Structure formats: structure tokens, C-alpha cells
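Letters go in sequence order (proteins before strands), and every chain restarts at 1. Just so it is clear, the model here is predicted, and its values are computed rather than measured.
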Amino acid sequence: MAPIETKNLEKHWLNYWEKEKIYSFDRNSKKKIFSIDTPPPTVSGEMHIGHAYSYSQQDFIARFKRMSGFNIFYPFGTDDNGLPTEKLIQKLKGVKSKDFSREDFISLCLKTLKEITPEFVQGWKDIGISCDYDLYYSTIDGNSRKISQKIFLELYKSGLIYKADFPTLWDTEFQTPVAQAELEDKEKESLFTTIKFQADGKILPIATTRPELLPACLAIFVNPKDKRYKQLIGKQATVPIFNNKVPILADTHADMEKGTGALMICSYGDKNDVEAVKKHNLPPKIIITKDGKINVPGYELPIKEARARILEDLKNRDLIIKQERVKHVTNVYEKSGKEIEFLPVEQWFIKILDKKKKLIEQGKKINWYPEHMQKRYENWIHGLEWDWSISRERHFGIPIPLWHCKACNHVIPAKPEELPIDPVQKEKFCNKCGAKAEPETKVLDTWATSSLTPQIASSLANNKIKLPYSLRPQAHDIIRTWAFYTIVRSLYHENKIPWKDTIISGFVTLGGEKMSKSKGNIIRPKAITEESGADSLRYAAAASKLGEDSDYQEKDVITGKRFVNKIINASNFVFMNLKHQKKAKLHETDRLLLQQLNRTIDSATSAFEEYNYIKAKSEAENFFWKTFADNYLEIVKNRVYNGTKKEKESAFYTLYNSLLAVTKLMAPITPFITEEIYQQHFRKYEKEKSIHVSSWPKKISLSKRKEDDKVWNRMIEIITAARQAKSEAKKSMKAPVVLTLPKSDHKLLAKVLDDVKSVITAQEIKEGNFSIEFV
RNA sequence: GGCCCCGUAGUCUAGUGGCAAAACGACUCGUUUACACCGAGUAGUCAGGAGUUCGAUUCUCUUCGGGGCCACCA
């Protein structure tokens, strides 16, 4: 038969599933619930191959659990709240958010999202992700806003959220505070300049990569053990150009090996400066503006230009001792790529630093797949140095729902019934002093909402889904954000872990490299599905391991395509001759085949239970391809064509049940072709309207004998030997032979010898030393 | 600097304290009553060293190589 056309077939079943609501969560069912905290992808133009793989992988599990009798709660959300969306809209519409009022920009965002989201989500449907798309949320929709604000207020009341005004991680491009989790390392080349300070009438050399911060210099640190500078401790140094005096302090933080051993403290060059200022109680001088400029007279320029000018001035005044190019690593904001600054701004935090131990304990209660991902979670917590910054100075996001009374310094939270609310849109008066209150203008960071996906999703089903969810699937790069934050919120709000299990997926790379638009090495899932079908794509995804980045292998897709073709052909053969048999007295070979099937069902099932879809797939496929197609079908052909009524009945029964089982075992991986086969051939005998809501295969009850495996294996061994002999003799597989078997084999194989004889086209089977001779 | 993962055929991956496996590729054949998007067969592999063990690809240590997370980053 010609290769099958997957495109229309897949489209057909997609429509059928949607129309018949095959994947609907049943609110009234008494079945056990398996709940999945689906990752909401960030809305962008098109689904990425990494998405295609990781969502396929979680879908294998969802489908397996559905067939295993669970009521699947598998919602679908999109994350379209916050900076990434703001950036996307700016790009799509060619506008700048800061040119809009908050209200206007939000409505532009919402309008644009409405246009682009359906097509974006279609990508998930097209590869057969079996979410209940009626359980849909967006992290910016009214319901999400309400929940996010409500929980914010609850936390605020319980004292776990606080507002503080201190130096924080600041991105000058987006002009907003950012969280520790949003930082990335970037190696860059800088000029490392040694500058002449004056102290005690002598030159005090100080090396820096940030000379533009000279006007913000507050102190000089030297190591108390450093003999070079010991006598300077307690004295003052003069800052070049600006000629102000700053104290020289002893601090072990000054590393004698680095630079000149003397270190200037400025407000603020990096995190150490922040700590130093706090520790020594130095009065900060803030010279960096929110948009990344220096505000010192004569140097009112963007940071880099100010640096150049100050270096020029230093050079002109002969204040530079030496300059060298150095490579060093700096923190940049992951979304802008710009270096992070530290600016004192008012912002909101969720307390986490004092809960590290508890958070680690929570992590231990969750089953991580693979296990070692838990270490990454712990590692992150160990390294935390800041509370979780949740406020952003942006337009598009969920507003922080409160007002400040400047007159009496009182905070007025929104009332629960007012939510969701934008405080900017509503006038409030202080309930203490009666003065007009100022609305809080900051918005919540997107993670502050997406960390509530369990609560948001549950609200779509009348809050029927309780923590912990059964499963959280996600990628490893967001352990420190999404996983971590969700665990934080679940602990604070419900004193629970958010999920029992979490499966962590890896990335898909190409030639060992991360795919990116800038490199132009993107593989589009759509291109694969159009060429080879969604089943093939999913099949390839089933070959890549949890937790590990794996290279995109076209051969896996091709193998998937081959499988699809093979199973449809095998089904065609089986049903070409088959008369349905409810029961049959089993021929010995058939009984043995079904034993092998039972074993496969066992191992595939337990592999799926452990989220090992790779093994489940290969067990099912091995049985199908090797045992069933290559051997059993060949063995049984003779009986199907020429057998007695009883022999045929046994064969039909076995063919039907083993093919049905294999089709079901593969249904989670390749849902389209298995549905096609089910509907085309099995549906008239089976009651369920889709294979995907049919029951997971159970072992067929059979009589067992001790020697079963031995008989089956010996049988295959003989068949293989015969094939080998024919191949080596360059003869046709149908070449007649005479088989000679020792007496022990005659005894062992007595009941299956007729099948052996026909499959190897033996004219007769003699007794004696093992041999295969050509006639 | 701390922690973690990985190293198996030409390629990409399974796997186990006791015969090293599949797929793709290569090579040699075959085939028309499921399938040339096919079938059969052949060749080819545990990074190096040490230890534990009757026995190590598997466990331990170590070297080398690849990757990741975190910290540092004057």
C-alpha cells in the first residue's frame, strides 16, 4: 500500500476530538483525578521546537493516565502578562509603551493578544496536546488578575510582603527593578584603569573598571593585613578630579591579590558596594539615573560616554598610572542584555531569605524526575541573597492593589470585592485621616502571577482541584523561577507542596547548539508536521530524555514516519482476512505470543508509571515490530490462509487482541494513527468512541507453563537460524529446506512444530543433529 | 571556587555486577496473497588508569574530555 497521507488524517481526528470533547475534564465524575499544572507558554509568534518536545512528553503521560482510568485535569494557559508581552506588542505595533497612558497601553496589549493568541494556541492543538482547551486561562485575564491581587493582599496582611526603599537590581533599558532570578552572566571586555588617589601626601593607586563612579566614591577599603596600606587606615584619601575626601577603612573584603589591593566603594558599582555602604553606614551619593545616565555636572551623559569622558579628563591631568584590557563577567538582565545597576527605589518584596530551610524541605517532599533536579533547586536556594522582588515599574502587568496616604503614611489595601482593580483608576481617601490617597502605580512581576497557576487553573473548575497537583511538567531553566516561586506561594498560602511529582525537560539543540533566531538555526515544528506528520514529531520527542538537552535528530522523525506506516500496514493485513472472535481455544503459538504481549504490557505500563516514556515506547515498539510483525505475522500467515476453522479462530483472536493492545500502548505517543486504526478497524467491536478514552491494556489471562519462554525463544532461534542460512546461501526466504532437530527440540516444540515448519518453508522436519539443508 | 550531569558501533541513543543492545548509516542478498516508506543477513562499540570483586561497561577513586547550575567578577 502506498505511504499514507498523514495531513488530512490528523486534521480529521483533531476535529473529531474537539467535537466529541474527548479531552474534557469531567466535573461530575467520581473517578480519581490526575491534575497537571500545565506550563503556560509565553505568547509569541509561533510554537518553538523545544515546546513541541516538552509538551509532547507531558502529553504522553496525560494520555497514559487518561487511559488508565483517571479523570484528567489538564488545563491550558498562556503567559501574556508582563515584560515579554510588552516587548512583543511594542515590536508588532511599532510603538513604545512609555508613550502611552497605562490604560491605553493595556488595552492595546489585550486587543493585540486577542488577535494573535488563537493561532499561537493552535500550534499545541496541531501536535495533539490533549489539554482541555475549555479550561483556558491567560495570566492577564480578569480572573487571574483577581486571584493574583487577592493573594497579594492576603500575603500583605500576613506580613510576608513588605515594601522597602533600598538599592536594588535595576535595568536601565526597561527602567524597572528585576529579580535575582532574571540575571544572566555575560563576559565582556573592559578597560581596567589604575587611578591616582592621594593619601597621606602620597599617591594611592586604585584600579577600577568603572571610573565614572568616582564622583560617587564614599570610601576606600584596604585589607587590615595589607602591609602596604596599614598606616593609611583611619586616614583620608582625596578623590581625583573631584578633590573630596573619603575615609580609608579596614575591611577584609579588600583582596590583597586583586588590583592594587585598595578598593574604592561607590554607590553603587555592584552588590559588594551595597553591602559595604550598609555595613559601614556610609551616606550614599546616587549619581546614576533610572534611564542609565550620570547626573554629575559636566558628565551628564549615558554611563558609557561618561566613563569615556572621565577617562579623558584623568588622562589629561596625568592621573592614570596604567590601563589594561581585561575580560570579566558581569550580571546583565536576561531580557535586555544590559548591565545591571543598583539604584535605591521603593519596591515590594516577598520574604524568602528567612524561609530557606523550610523551602528546601518542601522541595524534598516533591518527587523530581530526574532526581538530581532537586539539587539544582536546593542550590538555588542556598545562593539566594535577596528577598523576592515582585514589583515592576511597567505599564503592562497586574496592578498592585493599594493606595498610600502621604499625609499619615498609611496603606489602604483594596477590598476583596473590588478586585480586580487598577488603583490608578479609582480615587480613595485615607480611612484614618481622610486625606486623598495616592494610588500605587507599580505592577506585579509576571512570576508573581504565574507562580499561582495551580490556584488559577483550579478556579476554572470551581476550585475543585486541590493542592498538591499530581504533576508539574516544566523545563530546567525555570527551576529557579517558576518551580521555586510556585513552591514559595503554595507554602505561604496553603502550607502545602504544589505538586507531588515534577518532570523536568531539557532543551532541543541543533548540532549541539541552542537554537535561536539570531543564529538562524531554528527548526520549526510546523515544518516537521507538514512534512512527516505530528505523530512522527511526537515519536521523535519520545526518544529524548527528561532533564537532558538533546540534539534534534531528523532520523528519529523518519523512524516515527516508518512506524506510522508499518502499523497501518500491519492493521490492514490483520483485518484483511479477520473474522471477529470473542473467544477461541488457543493454539500453542498464539498462547505463547500472548504471553510475550503480557510481558510487554507489564513493562510498558510500569515504565509509564515512572514517567519513562522512552522505555514504554521502546517496549511497545519492540514487541510490535520484532515479535508481532516480523515473527508472529509470518508464522500465522499459513494458518490464516490455509488453517482449519479452529486454527483460524485462534489466530484471529490473537491477532485482534495483540494488535489492539499494541495500538493502545502506542496511543499516548502517536495519537493520530492509533485513533485512525482504532476507528477503522476496532470501533465496531469496542464500545468507547475514541481510543484515547478506552481502557489501558490489561494482561490477557492465560494458562502458563514453566517452559513457555523457553519454547518461544527456541522457536524464534530456529526461525532466525533458517533465515540466516537462506541469507548466507543467497537464497529466497521461501526456498524449501529440510530441518533437522535433536530429540529434545522435538519434545519441547511438539505443539508448535507445524507453525515452525510453515514459517521456514520446511518440507520436512527430521530428528538428529541440528541442521538446515536446502532441497 | 562549590555543586550537578554526561562520555557505549561512523552517527544518535538503550542498558546491566555475569553473552554488550536498538535505530539511522554502510555492506551482501531477497521479495510481489500487510508493507520498497519492505524483509533477511554481515561488519563495527563500553574515554584512560587504579581499586573493590571469582567476575566491572555497570560500584568506588582518579585522570582526561564535553555540558550545566551557582558563586566570584575593584
May I have the distance from [X] (atom [atom1]) to [N] (atom [atom2]), rounded to whole angstrom?
{"X": "A/Glu371", "N": "B/C5", "atom1": "CD", "atom2": "P", "result": "10 Å"}
{"X": "A/Glu184", "N": "B/A71", "atom1": "CD", "atom2": "P", "result": "12 Å"}
{"X": "A/Asn379", "N": "B/G68", "atom1": "CG", "atom2": "P", "result": "16 Å"}
{"X": "A/Phe484", "N": "B/C69", "atom1": "CZ", "atom2": "C1'", "result": "15 Å"}
{"X": "A/Ile677", "N": "B/C35", "atom1": "CD1", "atom2": "P", "result": "15 Å"}
{"X": "A/Asp477", "N": "B/C69", "atom1": "CG", "atom2": "P", "result": "9 Å"}
{"X": "A/Phe563", "N": "B/A22", "atom1": "CZ", "atom2": "C1'", "result": "15 Å"}
{"X": "A/Phe575", "N": "B/C35", "atom1": "CZ", "atom2": "P", "result": "17 Å"}

When you check the phosphate oxygens OP1 and OP2 of [N], does a side-chain N or O of [X] lie under 4.0 Å from one of them?
{"X": "A/Gln180", "N": "B/A71", "answer": "yes"}
{"X": "A/Lys271", "N": "B/C72", "answer": "yes"}
{"X": "A/Arg480", "N": "B/C70", "answer": "yes"}

Without hydrogens or angle criteria, can the side chains of [X] and [Y] be said to hold a donor-acceptor pair below 3.5 Å?
{"X": "A/Glu531", "Y": "A/Ser536", "answer": "no"}
{"X": "A/Gln374", "Y": "A/Asn367", "answer": "no"}
{"X": "A/Lys726", "Y": "A/Thr761", "answer": "yes"}
{"X": "A/Thr330", "Y": "A/Glu339", "answer": "no"}
{"X": "A/Ser771", "Y": "A/Glu773", "answer": "yes"}

What's [X] touching, base or sugar-phosphate or nothing? Going by heavy atoms closer than 4.0 Å.
{"X": "A/Glu619", "result": "nothing"}
{"X": "A/Ala729", "result": "nothing"}
{"X": "A/Glu621", "result": "nothing"}
{"X": "A/Asn272", "result": "sugar-phosphate"}
{"X": "A/Lys545", "result": "sugar-phosphate"}
{"X": "A/Ser732", "result": "sugar-phosphate"}
{"X": "A/Asp270", "result": "sugar-phosphate"}
{"X": "A/Leu633", "result": "base"}
{"X": "A/Ala254", "result": "base"}

If we call it a pair only when both distances are under 3.5 Å in a Watson-Crick or G-U wobble match, what pairs with [N]?
{"N": "B/G30", "answer": "B/C38"}
{"N": "B/G7", "answer": "B/C64"}
{"N": "B/C69", "answer": "B/G2"}
{"N": "B/A22", "answer": "none"}

Could you tell me how far [M] sits from [N] if I compare only their [atom1] atoms? Round to whole Å.
{"N": "B/G55", "M": "B/C19", "atom1": "C1'", "answer": "14 Å"}
{"N": "B/G66", "M": "B/A23", "atom1": "C1'", "answer": "24 Å"}
{"N": "B/G15", "M": "B/A9", "atom1": "P", "answer": "15 Å"}
{"N": "B/C4", "M": "B/A43", "atom1": "C1'", "answer": "39 Å"}
{"N": "B/G49", "M": "B/G17", "atom1": "P", "answer": "23 Å"}
{"N": "B/U28", "M": "B/A21", "atom1": "P", "answer": "24 Å"}
{"N": "B/G25", "M": "B/U42", "atom1": "C1'", "answer": "14 Å"}
{"N": "B/A56", "M": "B/G18", "atom1": "P", "answer": "11 Å"}

Is the A/His476 ring parallel, tilted or perpendicular to the A/Phe507 ring (thresholds 30°, 60°)?
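A/His476 vs A/Phe507 ring planes: tilted.
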Is the ring pair A/Trp447/A/Tyr485 parallel, tilted or perpendicular, if the boundaries are 30 and 60 degrees?
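Judged by the thresholds at 30° and 60°, the geometry between A/Trp447 and A/Tyr485 is tilted.
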If we only count heavy atoms from C-beta on, is the A/Glu385 to A/Glu275 side-chain gap below 4.5 Å?
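Yes, side chains in contact.
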Want to settle it: does A/Ala570 or A/Leu183 sit nearer the 5' end of RNA chain B, counting the closest nucleotide to each?
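Its nucleotide being nearer the 5' end, the pick is A/Ala570.
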Residue closer to the 5' end of RNA chain B, A/Ala262 versus A/Asn642 (nearest nucleotide):
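Comparing both residues, the 5'-ward one is A/Asn642.
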Check for a donor-acceptor pair, side chain of A/Lys545 on one end and backbone N or O of A/Ile614 on the other, with a separation under 3.5 Å.
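No: the side chain of A/Lys545 does not pair with the backbone of A/Ile614.
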Side chain of A/Lys730 only, please: which of B/C6, B/C29, B/C12 is the nearest?
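Nearest listed nucleotide: B/C29.
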Polar pairs (N or O, both sides) under 3.5 Å between protein and nucleotides 38-47 of chain B?
unit_1, atom_1, unit_2, atom_2, d
B/C38, OP1, A/Arg562, NE, 2.5
B/C38, OP1, A/Arg562, NH2, 3.4
B/C38, O3', A/Lys566, NZ, 3.4
B/G39, OP1, A/Lys566, NZ, 3.0
B/G39, OP1, A/Trp625, NE1, 2.9
B/A40, OP1, A/Asp630, OD2, 3.1
B/A40, O2', A/Arg723, O, 3.3
B/A40, N3, A/Ser727, OG, 3.1
B/G41, O4', A/Ser727, OG, 3.4
B/U42, OP1, A/Gln724, NE2, 3.1

Is any side-chain N of the basic residue among A/Glu378 and A/Lys375 closer than 4.0 Å to the acidic one's carboxylate O?
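Looking at A/Glu378 and A/Lys375, the cut-off is not met.
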